[in-house]
S.K.: 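Submitted below is the structure of interest, expressed as structure tokens.
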Amino acid sequence: MRLCFTGSGVTRTWAVELRPQPGGPVLVCQQCPHGERRLIGSAARTEVLAHLGWHARRNLLPSHLRTCQCHERGCGWHPRHRGCQGPIRLLLIRERGGRLWRLTDACAACAAATSQAAVVPDTILAAADSPRQQANPRPRRRPRGPDSRTRVREMLNYLAVTLPTGTGAEARLMALQFALRMNDKARTRVSHGVLRSLRLGAAAHGWDELLRAGWLLPLPHRGRALEVQLLDTALLTQHPARPDRLRAADWALRAACCSRARLGPLPLLVTLCLEAHSTPGEDNGTADSELLARECGVSPSGLALTLDHLTTKHALRSWHTGPMPEDLCWTLAESVRDE
Ligand SMILES: [Zn+2]
Ligand SMILES: [Zn+2]
Ligand SMILES: [Zn+2]
């Protein structure tokens, strides 16, 4: 357990507003004195994330000095809960339907209680813990940290908050692979074999969605792979754990494809989400149904229909609503092993 204390004098919370204007949205940063900037079209969200990431990187702080900023503000960003607990991570919160974005240090309990929010997958936190790693390009790796299942779950959640709400399953499956396989320059090379495993063709509709969302730029074609530059620089400093993320990307591939049934992108993504939220070593799990729906980019009723479809395809043994109506419980027909 990590105790929060007040009055540390350290402020690690940043907020950026997207104000609609006739000539296009304007970015207004509450921390920058002359922070108003006009943005261009669909890339506005990427610019917001980049700006928040810039603030966080400029204000690196050793982990023992970081406190739950949510607690210090009276926990007004989420419904009541039983107090702060767990490690302090960077939390990205989307408010007012994507018009206000907040990046803040928050404990695991506050993070879990905040809706429309995602823990930023091991990014700036890793750099803040070990500033010397930046000077030394090849530090001795400690392959410790979250397991593949946790990494995939965190990335799905991060993408659920940062990708436009209507982003389809194809684009989400691609974005997950791109983000997990990214190098320290935010570039990714994904082989056609990986895309084929996910039943995504090179002309996949999801590709256009990611381009339109300003999430990536295609790089010149080389060989039998797709190479892209990711534009979400809040993700950029993930490189200290790249081999672990590559392992997580492979885990996601196995999890999505472990069913023998031939499934479309949405059922594949739902299967992957259920795997990521299942109890390690078991074939069952429980999770908030709205969270799952958001991670899959569908409505709760759309999620229910897909779960029924997976049951008829024998990819899912059963599913039902839990003791709390917002909980969804399931048993998978097959589950992927942790490495
Ligand atoms: Zn700013
Ligand atoms: Zn709180
Ligand atoms: Zn807290």
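Order of listing sets the numbers, starting from 1, for every ligand and every atom in it. Note: hydrogens, waters and symmetry copies are ignored here, and every other heavy atom, side chains too, is used.
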S.K.: Verify the distance test for His81 against the Zn ion (ligand 2): any N/O/S atom under 2.8 Å, yes or no.
M.R.: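 Here the distance criterion (N, O or S atom, under 2.8 Å) is not met by His81, so no.
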S.K.: What N, O or S atom of His78 is found closest to the Zn ion (ligand 2)?
M.R.: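 Minimum-distance N/O/S atom of His78 relative to the Zn ion (ligand 2) is NE2.
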S.K.: What does the angle at the Zn ion (ligand 1) come to, between atom NE2 of His51 and atom SG of Cys29, rounded to 10°?
M.R.: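 Output for this angle: 110°, rounded to tens.
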S.K.: Starting from the Zn ion (ligand 1), look over the N/O/S atoms of His55 and name the nearest one.
M.R.: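 For His55, the N, O or S atom at the smallest distance from the Zn ion (ligand 1) is NE2.
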S.K.: Quick one: do the Trp330 and Asp283 side chains pair a donor with an acceptor below 3.5 Å?
M.R.: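 Per modelled atom types, Trp330 and Asp283 side chains form no pair under 3.5 Å.
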S.K.: Does any N, O or S atom in His71 come within less than 2.8 Å of the Zn ion (ligand 3)?
M.R.: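 It does not: His71 brings no N, O or S atom closer than 2.8 Å to the Zn ion (ligand 3).
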S.K.: Using 30° and 60° as the class limits, which term best fits the ring planes of Trp54 and His51: parallel, tilted or perpendicular?
M.R.: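 Plane angle between 30° and 60°, so tilted.
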S.K.: May I have the angle between Cys70 SG and Cys110 SG with its vertex at the Zn ion (ligand 2), rounded to 10°?
M.R.: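 It is 120°, given to the nearest 10°.
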S.K.: Give, for atom CZ of Arg89 and atom OG of Ser63, the distance between the pair rounded to the nearest 0.5 Å.
M.R.: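 Nearest 0.5 Å value for the CZ-OG distance: 11.5 Å.
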S.K.: Distance check, rounded to the nearest 0.5 Å: Leu100 atom CG versus Glu95 atom CD?
M.R.: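 Spacing of CG (Leu100) from CD (Glu95) equals 5.0 Å.
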S.K.: The Zn ion (ligand 3) as vertex, arms to SG of Cys107 and SG of Cys68: angle to 10°?
M.R.: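 Vertex the Zn ion (ligand 3), arms to SG of Cys107 and SG of Cys68: 120°.
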S.K.: Whether Asp250 and Arg247 form a salt bridge (side-chain N of Lys/Arg under 4.0 Å from carboxylate O of Asp/Glu) is what I want to check.
M.R.: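 Looking at Arg247 and Asp250, the cut-off is not met.
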S.K.: Dump the intermediate steps for side-chain hydrogen bond (donor to acceptor under 3.5 Å, both in side chains) on Thr311 and Asp308, then the final yes or no.
M.R.: CA-CA 5 Å; Thr311 315; Asp308 283 340; 4.9 Å; no
